[in-house]
Amino acid sequence: MVTKQTTTSKFGRTLNLLRDPDASFTAEAIYSLSDLDGAQWDAFRAAWPDLSAERRRNLVLRLVETAETNFELDFSAIIHMALQDPDSEVRRSAVEGVLEDAAMNTIERVIQMALHDPFSDVRAAATRTLGLFVLRGELGKLPDYFNTRLQDAVLALYYDLHEDFDVRRRALEAISNCGREGVKDLIHEAYQSDDLPMRVSAVYAMGRSCDETWAKQILDELSSDEPELRYEAARASGELELQKALPRLIELAYDDDREIQEAAIWAMGEIGGSTARKVLNELAALADDAGDDELNDAIAEAQSMATLAGQDLLPLFDFGDLDEDDDDDDLGYDLLRDEDEDEDEEEDYEEEDDEAWASDEEDYRF
């Protein structure tokens, strides 16, 4: 039984650990910093200024990393305070840890950081985070007046030719999360830029725009000579669920560039369908043979999404029942067919799958 005295004792140990510059952050210490309020919050806030800048940086990084994998923990009070830290690296790390459901005062603080922080890398990170709130506003989850002011602030950063280039890039990416008039023209303008990073941001923006009119450009960039463009094109293909991208994504899923490979795997999961699942199953087997747990995790997540995206269900890691006479078995390179043919094949595949499941039922019992 956890008593108030036990909780207080744990928090006391956490404060002592934080004050020790040589002590490693334990899981107990990190968890005890979630949902701080009352006397514990007052004690933490009083201790914060006495910690060295390096200690504060490392703590914020650890909190952000932990929150990404454990959604039940809430470090928002600490993150909000860290947004106003005198150390620029602490502020930059903190703004990257701001979540989509942040309170209005936190969103306001991020806006001010994007507009006025003296360090360009902090402004860029803050501007990128504003993209979360632009999308939130687009979904009707922010007051109209605030949503308009938010979008105006992001656009002001993009149009400011004296602003740091990376900040302007992030502003384009952020504003692409809404359907405001003129945004499509900004994406087109950026895509025509002579600067590769701006073109990379334009392809990112195409995916975030939820506008399939960008399909041709995205498909073209899947074969770009520039790895950054191939990566963003793969992500954009998944965002827009471009079926026509699947043959090229399958090739990229075997790419030597790990980031491009994982982006292609993620995109196949978003697109779904029997062909994508077959390839993901094959990749899972290869990753398992190689003992590549990190890649296997990425594939498993894509497999789950592919099952949700498609209508038919293929048992994971079941290769024995793939139809050798099916054109799809050539890793899906003949994917582009009439819609009616696709639907007929989906029905046939479901029947084959049901028979396979019935015959192998014992193998799937635990």
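The basis for the numbers below is simple: all heavy atoms, side chains too, and nothing from hydrogens, waters or symmetry mates.
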As an exercise, state the distance from [atom1] of [X] to [atom2] of [Y], rounded to the nearest 0.5 Å.
X      : Y      : atom1 : atom2 : result
Met104 : Phe146 : CE    : CZ    : 4.0 Å
Ile30  : Phe75  : CD1   : CZ    : 6.0 Å
Leu308 : Glu270 : CG    : CD    : 9.5 Å
Glu100 : Ile107 : CD    : CD1   : 9.5 Å
Leu246 : Ile271 : CG    : CD1   : 5.5 Å
Asp37  : Asp74  : CG    : CG    : 10.0 Å

So do [Y] and [X] actually touch side chain to side chain, heavy atoms under 4.5 Å?
X      : Y      : answer
Asn296 : Leu283 : no
Val122 : Met113 : yes
Ile265 : Gln261 : yes
Arg277 : Gln303 : no
Arg168 : Leu161 : yes
Leu135 : Arg208 : yes
Asp292 : Glu294 : yes
Tyr191 : Met198 : no

- Give the minimum heavy-atom separation between Ser93 and Leu61, together with the two atoms involved.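 Result for this residue pair: OG-CD2, 3.5 Å.
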- Item | Atom of Ala125, atom of Arg92 and distance for their closest heavy-atom approach |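 Where Ala125 meets Arg92 most closely, the heavy atoms are CB-CG, 3.9 Å.
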Can you find a side-chain donor-acceptor pair between [X] and [Y] that sits under 3.5 Å?
X      : Y      : result
Tyr231 : Glu262 : no
Lys244 : Ser237 : no
Ser209 : Ser176 : no

- Message: If you apply the rule side chain to side chain contact (heavy atoms under 4.5 Å, CB included), what do you find for Glu282 with Tyr254, and how did you get there?
- Response: CA-CA 11 Å; Glu282 177 179 310; Tyr254 293 89; 2.7 Å; yes
Looking at [X] and [Y], would you say the former's side chain and the latter's main chain have a donor-acceptor pair under 3.5 Å?
X      : Y      : value
Thr106 : Ala102 : no
Asp211 : Thr213 : yes
Arg91  : Pro86  : yes
Ser193 : Glu189 : no

Contacts of [X] that satisfy side-chain hydrogen bond (donor to acceptor under 3.5 Å, both in side chains) - sequence neighbours left out:
X      : answer
Ser223 : Arg248
Asp288 : none
Arg19  : none

Tell me whether the count of non-hydrogen atoms from other residues, nucleotides or ligands lying under 6.0 Å of [atom1] in [X] goes above 12.
X      : atom1 : value
Glu301 : CD    : no
Glu72  : CD    : no
Asp144 : CG    : no
Tyr31  : OH    : no
Arg136 : CZ    : yes
Glu212 : CD    : no

[X]: side-chain contact (heavy atoms from CB on, under 4.5 Å) partners, not counting sequence neighbours:
X      : answer
Asp101 : Leu99
Ala215 : Leu242
Ser224 : Glu221, Glu226, Leu229, Arg230
Glu181 : none

Indicate if [X] and [Y] have the same hydrophobic cluster label, given that clusters are the connected sets of ILVMFWY residues with side-chain heavy-atom separations under 4.5 angstrom.
X      : Y      : result
Leu286 : Ile299 : yes
Trp266 : Ile218 : no
Leu130 : Phe165 : yes
Leu196 : Met206 : yes
Phe119 : Leu83  : yes

- Using 30° and 60° as the class limits, which term best fits the ring planes of Trp41 and Phe44: parallel, tilted or perpendicular?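 The rings of Trp41 and Phe44 lie parallel, inter-plane angle below 30°.
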- Message: Please determine whether side chain to side chain contact (heavy atoms under 4.5 Å, CB included) holds for the pair Asp160 and Leu157, giving the CA-CA distance in whole Å, both sets of side-chain angles, and the decisive distance to 0.1 Å.
- Response: CA-CA 5 Å; Asp160 184 358; Leu157 289 166; 5.9 Å; no
- Looking at Leu115, Ile175, Ile111, which hits side chain to side chain contact (heavy atoms under 4.5 Å, CB included) with Val154?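 Only match with Val154 under side chain to side chain contact (heavy atoms under 4.5 Å, CB included): Ile175.
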Restricting to salt bridge (charged side-chain N to carboxylate O under 4.0 Å, His left out), what partner residues turn up for [X], sequence neighbours left out?
X      : value
Asp257 : none
Asp166 : Arg169, Arg170
Glu163 : Arg123
Glu28  : Arg13

- Any pair with a residue in residues 54-67 that passes side-chain hydrogen bond (donor to acceptor under 3.5 Å, both in side chains), sequence neighbours left out, goes on the list, sorted by first then second residue, please.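 Passing the test, one end in residues 54-67: Arg56-Asp85, Arg57-Asp87.
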- Message: Under the criterion salt bridge (Lys or Arg N to Asp or Glu O under 4.0 Å), I'd like the reasoning laid out for Asp152 against Arg149: C-alpha separation, chi angles, the key distance, then a yes or no.
- Response: CA-CA 5 Å; Asp152 287 346; Arg149 194 168 74 80; over 6 Å; no
- Task: Test side chain to side chain contact (heavy atoms under 4.5 Å, CB included) on Leu155 and Arg180 and set out the steps.
- Result: CA-CA 11 Å; Leu155 286 171; Arg180 180 163 169 159; 3.5 Å; yes
